[in-house]
Amino acid sequence: MKLLPDTHLLIWGAGPDERLSSATRELLTNPENELLFSAASLWEISIKRGRGRPDFQLDPRLLRRGLLDNGYIELPISSEHAVAVANLPPIHKDPFDRLLVAQAMAEGITLLTHDPVVARYPGPIRLV
């Protein structure tokens, strides 16, 4: 199964964070799953880290390197993804979350999220 963890799951998964459930860790470590990460997540971390958000203090360069070293595939942002955002209902206001939803829908990838608001979107989204 192709899985796209949202930004918080990527941050939490980078260390021994207790907010990442054992079931989610199992999904992310199962060799049968193909794991992707979005350029949007690194962009979000860069912006929110620059604004001093305490929950985004991970270095995006180090996270990217760690994800690639652990077999994740980078999902670039395409114009198709950007245009797909326009078709989403106004459920969530965060532009990064909306872009992740659009990417998952356009690519047929399951978006993993811990955010119950994001999980309200139709499509391949799994609340973990």
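- For the pair Leu99 and His81, the minimum side-chain heavy-atom distance is below 4.5 Å.
- Residues that satisfy the side chain to side chain contact (heavy atoms under 4.5 Å, CB included) test with Asn30, not counting sequence neighbours, are Glu32, Asn33.
- Taking all atoms of both residues into account, the shortest heavy-atom contact from Leu20 to Gly13 is CD2-CA, 3.4 Å.
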What verdict does the side-chain hydrogen bond (donor to acceptor under 3.5 Å, both in side chains) test give for Ser41 and Ser38, after you've listed the backbone C-alpha separation in whole Å, the side-chain angles of each residue and the deciding distance to 0.1 Å? CA-CA 5 Å; Ser41 290; Ser38 174; 5.0 Å; no
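- Shown here for Pro90 and Arg98, the closest heavy-atom pair between the two residues is CA-NH1, 3.8 Å.
- Looking at heavy atoms from C-beta onward, Ile125 lies out of side-chain contact with Thr110 at the 4.5 angstrom threshold.
- By the rule that hydrophobic residues join a cluster once side-chain heavy atoms approach within less than 4.5 Å of another member, Phe56 and Leu42 end up as members of one cluster.
- Here the side chains of Leu100 and Phe96 are not in contact, with every heavy-atom distance at 4.5 Å or above.
- Side-chain contact check for Glu34 versus Ile73: some heavy-atom pair is nearer than 4.5 Å.
- In this structure, Arg126 places its CZ atom where only 12 or fewer heavy-atom neighbours from other residues, nucleotides or ligands lie under 6.0 Å away.
- Taking the side chain as every heavy atom from C-beta outward, Tyr72 and Leu28 approach each other to under 4.5 Å.
- Partner Thr113 forms a side chain to side chain donor-acceptor pair (under 3.5 Å) with one of Thr7, Asp97, Asp6 and no other, that one being Asp6.
- Legend: residues meeting ring pair (Phe, Tyr, Trp, His ring centres under 6.0 Å) with Tyr121, ordered by chain and number and at least two apart, are absent.
- Side chains of Arg64 and Glu74 form a contact here, defined as non-hydrogen atoms less than 4.5 Å apart.
- Residues Leu112 and Leu127 have side chains not in contact (no heavy-atom distance under 4.5 Å, counting atoms from C-beta outward).
- Here Leu62 sits alone; no ILVMFWY side chain lies under 4.5 Å from its own, so it joins no hydrophobic cluster.
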Steps toward side-chain contact (heavy atoms from CB on, under 4.5 Å) verdict (Arg53, Ile47): CA-CA 9 Å; Arg53 286 265 308 258; Ile47 287 174; over 6 Å; no
Start with the C-alpha gap between Glu44 and Asp94, add the side-chain angles, then the distance that decides, and say whether side-chain contact (heavy atoms from CB on, under 4.5 Å) holds. CA-CA 10 Å; Glu44 178 178 16; Asp94 186 297; 3.9 Å; yes
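- Clustering ILVMFWY residues whenever any of their side-chain heavy atoms sit less than 4.5 angstrom apart, transitively, puts Ile45 in the very cluster that holds Trp12.
- Residues Ser46 and Pro60 approach most closely at OG-CG, 3.3 Å, considering heavy atoms.
- Looking at Gln57 and Arg49, their side chains come closer than 4.5 Å, going by heavy atoms from C-beta outward.
- Taking every heavy atom of both residues into account, Met105 and Pro124 meet most closely at CG-CD, 4.0 Å.
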Decide side-chain contact (heavy atoms from CB on, under 4.5 Å) for Asp115 and His8; before the verdict, give the C-alpha distance in whole Å, the side-chain angles of both, and the deciding distance to 0.1 Å. CA-CA 9 Å; Asp115 185 335; His8 277 99; over 6 Å; no
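- Partners of Ile109 according to the side chain to side chain contact (heavy atoms under 4.5 Å, CB included) rule, which considers only residues two or more places apart in sequence or in another chain, are Lys2, Leu4, Leu36, Leu75, Glu107.
- Thr24 approaches Ser21 most closely through the heavy-atom pair OG1-OG, 2.8 Å.
- Evaluation of the salt bridge (charged side-chain N to carboxylate O under 4.0 Å, His left out) rule for Asp59 yields no partner, not counting sequence neighbours.
- At a threshold of 4.5 Å between side-chain heavy atoms, the hydrophobic network of Ile, Leu, Val, Met, Phe, Trp and Tyr places Met1 and Leu9 in one connected group.
- Taken together through direct or relayed side-chain contacts under 4.5 Å among Ile, Leu, Val, Met, Phe, Trp and Tyr, Phe37 and Leu27 form part of one hydrophobic cluster.
- By the side chain to side chain contact (heavy atoms under 4.5 Å, CB included) test, Ala102 is found to be paired with Ala84, Val85, Leu88, residues two or more places apart in sequence or in another chain being considered.
- One hydrophobic cluster, built from ILVMFWY side chains closer than 4.5 Å, holds both Leu35 and Ile11.
- Using a cutoff of 4.0 Å between basic side-chain nitrogens and carboxylate oxygens, Asp69 and Arg65 are scored as salt-bridged.
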